[in-house]
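Encoded as structure tokens, the structure appears first; notes follow it.
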Amino acid sequence: MTVDRLKLKYASVKYVSVAGIAALAVLAGPAVAGVGAVTPHGGDAPAPAATAAPRPTLTAKSTVAGVRAWHDFRIYGVAHHMRAGTRVTLQQKQGKRWVSLPASVYTARNGAYNMRVKLGLKGRNSLRIVGGGAISPVVYVTVR
């Protein structure tokens, strides 16, 4: 409210004290957007920003560094900052693309997972785990 509006609003009153006008200005200050608004923290500083939720992450390890073709081994790890029961899938790098293999499991209550894997593509295989918006570091397994 500006001083002109105060004069119009209280035109019927002959005498208005300066303290009364100051009290009205303080009371009307937060209602009027913009200049002189008081924050709930008592200062002109903005309220502290809320912290962002941590990003989901996955770890991955193999039980072997090398294996014969079509012999099984295990890929295991832990999912952090994900809901229990999140589906995680194994991916293999084929050429320049990551291809999802038909191997997936659900994370346990503590975030751990453990999957059995058989590979037939001979040579050095690059594997990773994806799920819940996270991608694990690459794990290398050599198939003979």
Side-chain angles (χ1 to χ4, degrees), residues 1-11 16-144:
M1 297 177 114
T2 63
V3 177
D4 295 331
R5 288 188 186 173
L6 287 174
K7 287 181 184 177
L8 294 176
K9 189 172 183 180
Y10 299 102
V16 178
S17 68
V18 175
I21 293 174
L24 283 174
V26 168
L27 292 175
V32 177
V35 181
V38 179
T39 63
H41 301 290
D44 291 334
T51 58
R55 293 180 55 125
T57 58
L58 283 167
T59 64
K61 291 186 179 181
S62 173
T63 56
V64 296
V67 68
R68 291 179 56 191
W70 301 113
H71 280 119
D72 58 339
F73 63 96
R74 294 197 174 265
I75 300 280
Y76 63 95
V78 179
H80 296 283
H81 308 296
M82 280 188 217
R83 185 181 307 230
T86 301
R87 186 177 182 167
V88 293
T89 305
L90 178 68
Q91 288 188 339
Q92 179 183 41
K93 191 163 191 179
Q94 296 177 358
K96 293 184 179 182
R97 298 184 59 192
W98 286 98
V99 177
S100 292
L101 298 179
S104 64
V105 294
Y106 295 97
T107 59
R109 185 177 297 172
N110 62 355
Y113 67 90
N114 189 347
M115 72 173 61
R116 194 173 79 185
V117 181
K118 290 183 181 184
L119 295 175
L121 190 62
K122 292 188 177 183
R124 187 175 187 216
N125 287 273
S126 301
L127 305 170
R128 70 181 185 182
I129 302 294
V130 296
I135 300 172
S136 74
V138 177
V139 176
Y140 298 101
V141 176
T142 303
V143 178
R144 304 181 295 276

- Gap separating the OH atom of Tyr113 from the OH atom of Tyr106, nearest 0.5 angstrom: 16.0 Å

- Message: Does any part of the side chain of Val64, heavy atoms only, come nearer than 4.5 Å to the side chain of His71, both counted from C-beta?
- Response: no

- Note on the structure: His81 and Pro54 have their tightest heavy-atom pair at ND1-CG, 3.4 Å

- Measure across Ala79 and Leu58 and return the closest heavy-atom pair with its distance rounded to 0.1 Å. CB-CD2, 3.5 Å

- In terms of heavy-atom contacts, does CZ of Arg116 have more than 12 from other residues, nucleotides or ligands at under 6.0 Å? no

- Considering all heavy atoms, the nearest Ser62-Phe73 contact: OG-CD1, 3.6 Å

Output a table of donor-acceptor pairs, distance under 3.5 Å, between side-chain atoms of residues 87-105 and any protein atom two or more places apart or on a different chain; print 'none' if there are none.
from  : atom 1 : to     : atom 2 : distance (Å)
Arg87 : NE     : Ser104 : OG     : 3.1
Arg87 : NH2    : Ser104 : OG     : 3.0
Gln91 : OE1    : Arg128 : NE     : 2.7
Gln91 : OE1    : Arg128 : NH2    : 2.9
Gln91 : NE2    : Ser100 : OG     : 3.2
Gln92 : OE1    : Gln94  : NE2    : 2.9
Gln92 : NE2    : Asn125 : OD1    : 2.6

- Looking only at heavy atoms, the pair that brings Tyr140 and Ser126 closest together is CE2-OG, 3.2 Å

- Message: Please report the interatomic distance NE2(His80) to CG(Asn110), rounded to the nearest 0.5 Å.
- Response: 10.0 Å

- Under 3.5 Å: donor-acceptor pair, side chain of Thr59, backbone of Val78: yes

- What are the two closest non-hydrogen atoms of Pro56 and Gly132, and how far apart are they? CG-O, 3.4 Å

- Side-chain donor or acceptor of Thr107 paired with backbone N/O of Gly85 under 3.5 Å: yes

- Note on the structure: In this structure, OG1 of Thr63 is separated from CD1 of Ile75 (nearest 0.5 Å) by 7.0 Å

- Would you give the length of the straight line joining atom NZ of Lys122 to atom CZ of Arg68, rounded to the nearest 0.5 angstrom? 9.0 Å

- Leu127 and Leu119: CA distance, side-chain angles, deciding distance, side-chain contact (heavy atoms from CB on, under 4.5 Å) verdict: CA-CA 11 Å; Leu127 305 170; Leu119 295 175; 3.9 Å; yes

- Query: Closest heavy-atom contact between Ala60 and Val139?
  - Reply: O-CG2, 3.5 Å

